[in-house]
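To start, the structure itself, in structure tokens.
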Amino acid sequence: MGKEGDRVQAAAASVAVIAASEGLDALLKLLQRGGYRTIGPKVRDGAVVLEDVSRADELPLGLIDDQQPGAYRLSQAKTPAYFDFTHGSQSWKRYLFPPKEKLWSAQKTNKGFEVQHDVDAPKYAFIGVRACELNAIAIQDKVFIEGDHVNTSYRERREKALIVALNCRRAGGTCFCASMNAGPKVERGYDLALTELTGKNGHSFLIEAGSEQGEKILAKLDARPATPADLKAAAKAVDQAAQSMGREMPKSARKILSKNLESAHWQDVAKRCLDCANCTLVCPTCFCNTTTDSTSLDGQNAERWRQWDSCFTLDFSYIHGGAIRREGSQRYRQWITHKLASWHEQFGVSGCVGCGRCITWCPVGIDITAEVRALAKGK
Amino acid sequence: MTSKTAVKRSPKTADDAQPDTRPDAPRDAPLDAMMPVPFRIVKRTQELADTFTIELTPASGRGGAFAFRPGQFNMLYAFGVGEVPISISGDPANPKKLIHTIRNVGAVTQAISNMKVGDEIGVRGPFGSAWPVEKAEGSDVLIITGGIGLAPLRPAIDHVLANRGKYGRFVILYGARSPADVLFMEQLTAWRGRLDTYVDVTVDHATRDWAGNVGVVTRLIERANFDAYHAKAFICGPELMMRFTIKELSSRGLKDEDIYVSMERNMKCAIGHCGHCQFGGKFVCKDGPVFPYSSVNALLKVRGL
Ligand code: SF4
Ligand code: SF4
Ligand code: FES
């Protein structure tokens with residue numbers, strides 16, 4: 001038997017098939033009854049966003065996205081599926097590590113002051129978390145939980161969160177997760193994983209449990225056992241996504257960047273880059289933040305807030321009357337070198353999962369993979 | 001599942017939220033590393049026109065030692081105004097006194113400067129790496145610094161002097177802008193009075209009453225007597241001053257791994273979470289502020305990193 005056999009056994013116990021709409025509805029209802037705030041994809045202002053969803057018919061059925069450097073557009077798909085678009089600009093980061101969060105508040109007392117810790121940690125269930133996203137979450141765990149110090153509110157939200165992952169059947173126009181070993185198949189870190197199945201046997205989802213909690217939920221769903229044909233169809237669907245990925249990151253990206261800190265190419269990118277910080281805000285792994293302290297008008301109460309920050313701002317490296325990274329070229333270098341090289345040094349992994357968001361949402365279409373290739377050529 | 005269970009392993013309840021890694025964690029250790037602990041100012045000394053020293057004690061009244069290693073820093077919080085990273089400038093052998101020497105350069109330091117004895121200030125820390133005083137045992141020790149840079153080195157000086165027998169020659173070289181900017185003048189004079197310590201001070205611009213050296217601190221190096229092959233140098237000052245100092249020390253034969261520098265970067269969190277202090281692959285707040293020069297020499301050569 002050995003390991004392979006164990007895995008097949010385990011898989012058999014926790015893989016099933018649910019009907020598309022009814023199955024999703026039942027899953028959502030079950031989670032809500034369990035006290036979860038169910039968050040999933042929805043369409044708003046022509047783009048997919050991540051918001052509260054309570055029923056399957058709120059999901060963007062039948063839509064796919066066309067993503068290109070600097071461009072995003074939704075259109076009607078030939079096959080009506082629930083999850084064939086890839087992802088919009090938002091990532092789950094905004095729920096686990098909110099754009100703005102109160103850390104604590106303090107009150108003056110007659111002698112000094114007292115500080116209270118503030119935590120807002122709803123119990124989230126995330127619906128449709130793709131492989132790149134799962135990897136991005138694992139990366140932020142390294143930053144906020146697995147070091148010497150813990151971001152306690154992140155940890156609380158993270159521990160409570162239930163993850164319903166999703167295998168992609170179709171790669172977006174800017175995706176390159178396969179070359180980052182970060183997708184398109186979800187490998188770990190989920191409670192349940194879905195693969196959408198459309199075809200002559202109708203519309204359904206293969207559903208796999210990846211945790212005890214996932215098993216318990218799966219046991220309560222109206223599901224039929226998965227057949228070898230279902231498993232094959234699901235595997236084929238993910239394969240298709242991998243095959244259709246039109247972009248890749250050079251394997252030696254880390255080395256290329258470490259070696260090119262003084263490249264003339266930085267000036268070339270700086271001419272195109274608008275310093276808008278979009279790439280860092282859409283990136284599911286970027287964790288930089290700043291804190292702001294304030295007081296009430298009467299000076300009796302104070303608060304500290306944490307909010308997303310970006311290495312593209314001049315203020316970011318400000319010290320004693322000046323910024324360290326004064327030039328746009330230095331800031332772009334910080335961003336891409338951090339993502340692809342120094343992240344390894346800091347956390348033992350790349351800071352990029354190949355989701356392609358920074359390419360799609362760059363107003364001038366700067367492509368992280370193309371810049372690495374240009375640097376390698378020494379342009 | 002790997003990443004998921006790794007997370008679930010960590011404890012959940014409030015009373016075990018943040019393990020305090022301090023050698024002597026005070027009993028009022030906070031729930032979250034971002035929460036300041038109130039301390040009361042028990043003494044305030046004006047050192048120079050723009051520089052002052054404050055001594056702090058826990059506001060809870062429980063007292064207790066604030067153990068730290070020479071070179072480490074705290075985040076000091078002025079109520080409602082904000083936070084700044086400030087090195088601890090007290091004697092590590094006397095951790096009951098938490099001492100900071102602060103130059104008034106911005107809104108937060110100005111607010112702290114305006115505080116009086118009895119006022120409360122928030123403290124998070126101690127954070128960061130330390131001057132390798134143990135590793136330096138048996139070697140000559142060179143302290144080379146300028147301006148306010150003497151403050152983060154004073155705990156190292158205290159330590160070496162308290163354990164004087166464990167070290168070889170002890171050299172302190174200090175530079176200030178003008179005679180009125182010489183920090184800890186009394187102490188420098190006292191150290192200079194010792195037979196086992198060589199102290200040399202210089203100023204960039206002399207005034208009439210200054211009988212000492214004039215010029216940059218690097219010029220003092222050639223006169224100092226030490227064994228470059230058995231020495232450790234601790235340097236703290238502006239980046240440009242450190243660069244020239246290192247050049248001079250290298251030409252005297254000091255190896256890169258025997259030279260230690262204290263770096264400065266923008267800091268918001270001090271715990272490796274905000275990204276502001278990045279210096280190549282290093283976080284100055286947790287991998288530094290003290291680095292062996294051998295680990296940062298390549299980075300220091302690149303502008304705007
Ligand atoms: S760097 Fe770009 S492609 Fe990589 S994870 Fe961030 S947004 Fe996605
Ligand atoms: S790329 Fe920039 S914003 Fe993103 S984590 Fe790195 S330093 Fe922070
Ligand atoms: S100060 Fe926040 S990461 Fe170093």
Side-chain angles (χ1 to χ4, degrees), chain A residues 103-104 106 108 111-115 117 134 137-138 141 143-153 155-156 158-159 163 188-191 210-211 261-262 287-291 293-295 299 302 304 306 309 311 316-320 324-327 330 334 337-338 341-342 344-346, chain B residues 1-8 10 12 14 17-19 21 30-40 59 77-83 105-106 108 118-122 238 264-266 268-276 278-283 286-287 298-299 301-305:
Chain A
L103 292 182
W104 48 256
K108 274 243 158 93
K111 280 203 190 138
F113 61 92
E114 267 165 17
V115 191
H117 193 213
L134 280 176
I137 292 172
D141 287 351
V143 178
F144 291 137
I145 306 181
E146 290 164 26
D148 291 342
H149 291 279
V150 172
N151 173 335
T152 48
S153 48
R155 181 175 66 187
E156 196 172 330
R158 179 71 176 94
E159 283 175 345
I163 293 184
R188 63 183 74 84
Y190 57 84
D191 295 291
S211 72
L261 292 177
E262 307 264 29
F287 58 85
C288 283
N289 61 84
T290 190
T291 44
D293 288 286
S294 62
T295 36
R304 175 168 302 162
R306 169 170 55 211
D309 201 353
C311 58
F316 189 80
S317 64
Y318 181 92
I319 190 159
H320 305 315
I324 303 247
R325 295 181 207 108
R326 231 165 290 174
E327 314 289 333
Q330 296 165 343
Q334 165 62 24
T337 310
H338 186 212
S342 37
H344 286 277
E345 203 180 313
Q346 296 167 346
Chain B
M1 308 269 38
T2 49
S3 71
K4 188 99 198 204
T5 40
V7 170
K8 295 227 156 127
S10 43
K12 249 184 187 172
Q18 177 77 39
T21 51
L31 225 51
D32 185 287
M34 287 305 287
M35 280 176 70
V37 176
F39 274 67
R40 182 167 308 119
Y77 168 68
F79 189 85
V81 184
E83 236 182 10
V105 284
V108 181
D119 286 350
E120 284 187 13
I121 189 171
E264 224 182 342
R265 281 293 181 271
N266 183 319
K268 292 288 180 200
C269 72
I271 56 174
H273 288 182
C274 79
H276 280 256
Q278 285 179 84
F279 178 44
K282 318 264 183 235
F283 288 104
K286 59 173 193 174
D287 304 323
L299 300 175
K301 288 187 183 114
V302 183
R303 275 194 54 225
L305 208 58

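Chain letters run A, B, ... following the sequence lines, proteins first, then strands; residues in each count from 1.
In this structure, the portions of I324(A) lying under 4.5 Å from any heavy atom of chain B include both its backbone and its side chain. With a 4.5 angstrom heavy-atom cutoff, L305(B) touches chain A via backbone and side-chain atoms both. Looking at S294(A), the atoms closer than 4.5 Å to chain B (heavy atoms on both sides) all sit in the backbone: N, CA, C or O. At a 4.5 Å heavy-atom cutoff, the contact between V81(B) and chain A is made by backbone atoms alone. No part of T337(A) comes within reach of chain B, as not one of its non-hydrogen atoms sits under 4.5 angstrom from that chain. Contacts between R325(A) and chain B at a heavy-atom distance below 4.5 Å involve backbone atoms as well as side-chain atoms.
Using a 4.5 Å heavy-atom cutoff, the side chains of K282(B) and E345(A) are in contact. The closest side-chain heavy-atom distance from T290(A) to C274(B) is not below 4.5 Å. Contact annotation: the side chain of K268(B) never approaches that of R306(A) to less than 4.5 Å [non-hydrogen atoms, C-beta and beyond].
For the pair R304(A) and Y77(B), the cation-pi test (distance below 6.0 Å, angle within 45°) is passed.
Most heavy-atom pairs under 4.5 Å with chain B: of the set E114(A), K108(A), Q334(A), this distinction falls to K108(A). Most heavy-atom pairs under 4.5 Å with chain A, from the set V108(B), I271(B), D119(B): that is I271(B).
Considering every non-hydrogen atom in both A302(A) and F79(B), the closest pair reads CB-CZ, 3.6 Å. Minimum heavy-atom separation, Q278(B) to C288(A): NE2-SG, 4.1 Å.
In this structure, the side chain of N266(B) engages the main chain of Y318(A) through a donor-acceptor pair within 3.5 Å. Looking at H338(A), its side chain never comes within 3.5 Å of a backbone N or O of G275(B) through a donor-acceptor pair.
Between the SG atom in C269(B) and the CG atom in N151(A) there is a gap of 10.0 Å [rounded to 0.5 Å]. Atom CG of L103(A) and atom CG of D32(B) lie 7.0 Å apart (nearest 0.5 Å). Put simply, CZ on F113(A) and CD on E120(B) are 6.0 Å apart, with the number rounded to the nearest 0.5 Å. Separating the CD atom in E327(A) from the CZ atom in R303(B) is a distance of 6.5 Å, to the nearest 0.5 Å. Here CZ of F283(B) is found 8.5 Å from OG of S342(A). Values are rounded to the nearest 0.5 Å. Distance check: H276(B) NE2 to N289(A) CG gives 6.5 Å after rounding to the nearest 0.5 Å.
Aromatic rings of H273(B) and F287(A) (six-membered ring for Trp) have centroids beyond the 6.0 Å cut-off, not under it.
The residues E262(A) and K301(B) are annotated as not salt-bridged, no charged nitrogen and carboxylate oxygen being separated by less than 4.0 angstrom.
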Let's go through E264(B) and H320(A) carefully: what are the C-alpha distance in whole Å and the side-chain angles of both, what is the deciding distance for side-chain contact (heavy atoms from CB on, under 4.5 Å) to 0.1 Å, and is it a yes or a no? CA-CA 10 Å; E264(B) 224 182 342; H320(A) 305 315; 2.9 Å; yes

